[in-house]
Amino acid sequence: MTDLTNWTPRPLPAREPIEGRYVRLEPLDAAMHGDGLYEASSVADAGDRFRFLFENPAEDREAFAAWLEKAEASKDPLFFAVIDKASGKVAGRQTLMRIDPAFGVIEIGNIYWGPLISRKPAATEAQFLFMKYAFELGYRRYEWKCNNANEPSKRAAERFGFTFEGIFRQHMVQKGKNRDTAWYSVIDSEWPALKAAYQAWLSPDNFDANGMQIKRLEEFRAP
């Protein structure tokens, strides 16, 4: 059993960029990221992409500005813009949230990955960078939660190496409907092996000339 006699609260995450190979995570700035994030969020299939988020796609730029102002000011959730380094464009956003420094627990949430990066190495790296940052700050537990009806999110959690922990029934009301919430986590003892798997998967050597993966992320993870 781990001895936590000398446990101390962890630092709060800072509003500072997090650099990766494919993406850069930048603290959300309305002036810097507003137009790009609006464009990334105003795509033809936005309704489907926002289905399980708490907000709906903005009706226009003015409505988006009101949301953006609140998001920028928020400390928890702490919003980051996801920058696609290949194009330099804002490709989405994600947050660190339910931040509990006293017990070393933190969650990734409010994820919107637009068409520029969704289902691509850049999206996987965006998640990995948050996980890496959380454990380097000394957090003990990193969480992923989603609507239990959101099958793509549940598959993503499993692919990313999270452990399913159960269903919180009638956990929330979301867009006028009941939400049962599926809970997933990664804990600090699991992180070293997961880190090595992510680094191996994200390596350019793991992609062919057409950008297709050679081995799946799951294949790099320990059995």
Let's go through T124 and R159 carefully: what are the C-alpha distance in whole Å and the side-chain angles of both, what is the deciding distance for side chain to side chain donor-acceptor pair (under 3.5 Å) to 0.1 Å, and is it a yes or a no? CA-CA 10 Å; T124 295; R159 174 179 175 268; 2.9 Å; yes
Pair F207 and W201, ring centroids less than 6.0 Å apart: yes
Residues sharing [X]'s hydrophobic cluster, by side-chain heavy-atom contacts under 4.5 Å among ILVMFWY, directly or via others?
X    : answer
V43  : F50, L53, Y112
W183 : F168
V105 : F103

Within one Ile-Leu-Val-Met-Phe-Trp-Tyr cluster: [X] and [Y], side-chain cutoff 4.5 Å:
X    : Y    : answer
I83  : Y133 : no
V186 : I99  : yes
L37  : F79  : yes
F128 : F220 : yes

Centre of F135's six-membered ring, under 6.0 Å away, within 45 degrees of the axis: is that where NZ or CZ of K195 sits? no
Can you tell if the side chain of [X] reaches within under 4.5 Å of the side chain of [Y], non-hydrogen atoms only?
X    : Y    : value
I108 : M131 : no
F80  : R15  : no
M97  : L78  : no

Contacts of type salt bridge (charged side-chain N to carboxylate O under 4.0 Å, His left out), residue D45, not counting sequence neighbours: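 With neighbours one apart ignored, the set is R49.
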Between D35 and R61, is there a side-chain N and carboxylate O pair less than 4.0 Å apart?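 Looking at R61 together with D35, the answer is yes, because their closest N to O distance falls below 4.0 Å.
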Derivation of the ring pair (Phe, Tyr, Trp, His ring centres under 6.0 Å) call for W144 and F164: CA-CA 9 Å; W144 176 291; F164 174 65; over 10 Å; no
If I compare all heavy atoms of [X] with all of [Y], which pair ends up nearest, and what's the gap?
X    : Y    : answer
V82  : A126 : CG1-CB, 4.2 Å
S41  : A46  : O-CB, 3.6 Å
N150 : C146 : O-SG, 4.4 Å
I117 : A122 : CG2-CB, 3.6 Å
A81  : V90  : CB-CG1, 4.4 Å
Y22  : S203 : OH-C, 4.3 Å

Applying ring pair (Phe, Tyr, Trp, His ring centres under 6.0 Å), run through Y184 and F160 and close with a yes or a no. CA-CA 10 Å; Y184 298 82; F160 289 148; over 10 Å; no
What's the verdict on side chain to side chain contact (heavy atoms under 4.5 Å, CB included) for I18 and F130, showing C-alpha distance, side-chain angles and the deciding distance? CA-CA 8 Å; I18 306 173; F130 261 10; 4.3 Å; yes
May I have the list of side-chain donor-acceptor pairs in residues 23-30 shorter than 3.5 Å, sequence neighbours left out?
residue	atom	partner	partner atom	Å
R24	NE	E26	OE2	2.7
R24	NH2	E26	OE2	3.2
E26	OE1	H33	NE2	2.6
D29	OD1	A31	N	3.0
D29	OD1	M32	N	2.8

Listed partners of Y38 passing ring-ring contact (aromatic ring centres under 6.0 Å, His included), at least two apart: F64
Residues two or more places apart in sequence or in another chain: which of them pass ring-ring contact (aromatic ring centres under 6.0 Å, His included) with W7? none
Can you list every salt bridge (Lys or Arg N to Asp or Glu O under 4.0 Å) pair that touches [range], not counting sequence neighbours?
range            : answer
residues 68-78   : none
residues 172-193 : none
residues 125-142 : K132-E136, R141-E143, R141-E165

Is there a donor-acceptor contact under 3.5 Å linking the side chains of Q94 and W113? yes
Could you give the distance from CD (Q170) to CG (N178), rounded to the nearest 0.5 Å? 5.0 Å
Nearest-0.5 Å distance, NZ of residue K145 to OG of residue S185: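 Between atom NZ of K145 and atom OG of S185 there are 9.5 Å.
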Those residues that, when tested against R119, pass side chain to side chain contact (heavy atoms under 4.5 Å, CB included) (two or more places apart): none
Can any side-chain N or O of [X] pair as donor or acceptor with the backbone N or O of [Y] at less than 3.5 Å?
X    : Y    : result
D3   : T5   : yes
K154 : N148 : yes
T95  : G109 : yes
Y139 : P11  : yes

Partner of E219 under salt bridge (Lys or Arg N to Asp or Glu O under 4.0 Å), chosen from K215, R221, R216: R216
For K85, look at atom NZ and say whether over 12 heavy atoms of other residues, nucleotides or ligands are found less than 6.0 Å away. yes
Residue list, side chain to side chain donor-acceptor pair (under 3.5 Å) with D208, at least two apart or on another chain: none
Testing L12, I106, L137 one by one against L96 for a side-chain contact (heavy atoms from CB on, under 4.5 Å), which residue passes?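 For L96, the side-chain contact (heavy atoms from CB on, under 4.5 Å) test succeeds with only one of L12, I106, L137, which is I106.
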Would Y142 and F162 count as a ring pair (Phe, Tyr, Trp, His ring centres under 6.0 Å) if you check the C-alpha gap in whole Å, the side-chain angles of each, and the deciding distance to 0.1 Å? CA-CA 9 Å; Y142 178 73; F162 288 81; 5.6 Å; yes
